Amino acid sequence: MIKSELVLKIAEANPHLYQRDIENIVNAILDEIVSAMAKGDRVELRGFGAFSVKARPARIGRNPRTGAHVPVDEKFVPFFKTGKDMRLRLNKSTA
């Protein structure tokens, strides 16, 4: 599902709201999550999961084409851990 599909789903479930307002709300939520993560904060949505940032240290990599050693800078990557409720709902059909 992409963001526009999410907005349409919410609009269908809430016909009393304007689609442009729903889009602004979804964008505001996503922007706040990104801003918090950019500051290094953890964002937890109970029942859904937690977004956090993990640091990957600098290392020496290898160019697969030439085999030459290449320095790879330190970087920060987003990380998502599912909540217990989501895991249970996803695995309910297989149990």
Side-chain angles (χ1 to χ4, degrees):
M1 176 181 290
I2 59 176
K3 187 166 46 170
S4 60
E5 291 172 342
L6 175 64
V7 170
L8 287 175
K9 277 267 203 207
I10 295 171
E12 288 172 4
N14 298 285
H16 61 284
L17 296 174
Y18 292 113
Q19 186 171 338
R20 69 176 182 271
D21 293 338
I22 295 169
E23 188 172 353
N24 288 337
I25 292 168
V26 169
N27 286 333
I29 291 170
L30 296 176
D31 288 343
E32 284 301 316
I33 291 172
V34 171
S35 295
M37 290 176 64
K39 289 186 263 180
D41 294 339
R42 182 173 183 264
V43 178
E44 183 176 338
L45 304 172
R46 297 281 172 159
F48 183 71
F51 298 91
S52 61
V53 177
K54 288 196 173 190
R56 292 200 179 154
R59 63 184 173 85
I60 300 296
R62 188 180 66 83
N63 182 333
R65 182 173 292 172
T66 64
H69 293 286
V70 181
V72 178
D73 294 336
E74 176 186 35
K75 60 180 132 183
F76 298 93
V77 293
F79 179 74
F80 178 74
K81 182 177 179 185
T82 59
K84 183 179 178 183
D85 291 345
M86 180 187 281
R87 274 194 309 275
L88 292 175
R89 287 182 68 181
L90 290 174
N91 293 311
K92 182 172 41 174
S93 62
T94 60

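Just so it is clear, the structure is predicted and the values come from calculations on it, not from any experiment.
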> I need the single residue from I22, I25, I10 that forms a side-chain contact (heavy atoms from CB on, under 4.5 Å) with L17. Which is it?
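That would be I22.
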> Could you measure the distance from the CG atom of N24 to the CD atom of Q19? Nearest 0.5 Å is fine.
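Those atoms lie 11.0 Å apart.
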> Roughly how far, to the nearest 0.5 Å, is the NZ atom of K81 from the CD atom of E44?
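These two atoms lie 9.5 Å from each other.
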> Under a 4.5 Å side-chain heavy-atom rule over Ile, Leu, Val, Met, Phe, Trp and Tyr, are V34 and L6 clustered together?
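Result: no, two separate clusters.
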> What's the separation between atom CZ in R87 and atom NZ in K84, rounded to the nearest 0.5 Å?
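Here the interatomic distance stands at 8.5 Å.
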> Specify the closest pair of heavy atoms between R42 and S52, including all atoms of both residues, with the distance to one decimal.
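Closest heavy-atom pair between R42 and S52: CG-CB, 4.2 Å.
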> How far does CD1 of I60 sit from NE2 of H69, to the nearest 0.5 angstrom?
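Reported to 0.5 Å precision, the distance equals 8.5 Å.
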> Taking H16's backbone N and O only, do any of them form a donor-acceptor pair with N14's side chain (distance below 3.5 Å, no angle check)?
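Judged by distance alone, no pair lies under 3.5 Å.
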> Shortest non-hydrogen contact from V77 to R56?
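Closest approach of V77 to R56: CG2-NE, 3.8 Å.
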> Any chain of hydrophobic side-chain contacts (each under 4.5 Å) joining F48 to I29?
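Yes; tracing contacts between hydrophobic side chains, which count when under 4.5 Å, links both residues.
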> Is V53 reachable from V43 through a run of hydrophobic residues whose side-chain heavy atoms are each under 4.5 Å from the next?
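In one cluster: yes.
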> Between CZ of F79 and NZ of K54, what distance do you get to the nearest 0.5 Å?
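These two atoms lie 4.0 Å from each other.
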> May I ask whether L90 and L45 are part of the same hydrophobic cluster, defined by side-chain heavy atoms of I, L, V, M, F, W, Y residues being less than 4.5 angstrom apart, directly or through others?
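Per the 4.5 Å side-chain linkage, L90 and L45 are co-clustered.
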> What is the minimum heavy-atom distance between F76 and A55, and which atoms define it?
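Shortest heavy-atom separation between F76 and A55 comes out as CE2-CB, 3.5 Å.
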> Checking the side chain of E5 only, and the main-chain atoms of I2 only, is there a donor and an acceptor separated by less than 3.5 Å?
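Yes: the side chain of E5 pairs with the backbone of I2.
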> Report the C-alpha separation of K3 and N27 in whole Å, then their side-chain angles, then the decisive distance to 0.1 Å, and conclude whether the side chain to side chain contact (heavy atoms under 4.5 Å, CB included) test is met.
CA-CA 9 Å; K3 187 166 46 170; N27 286 333; 2.8 Å; yes
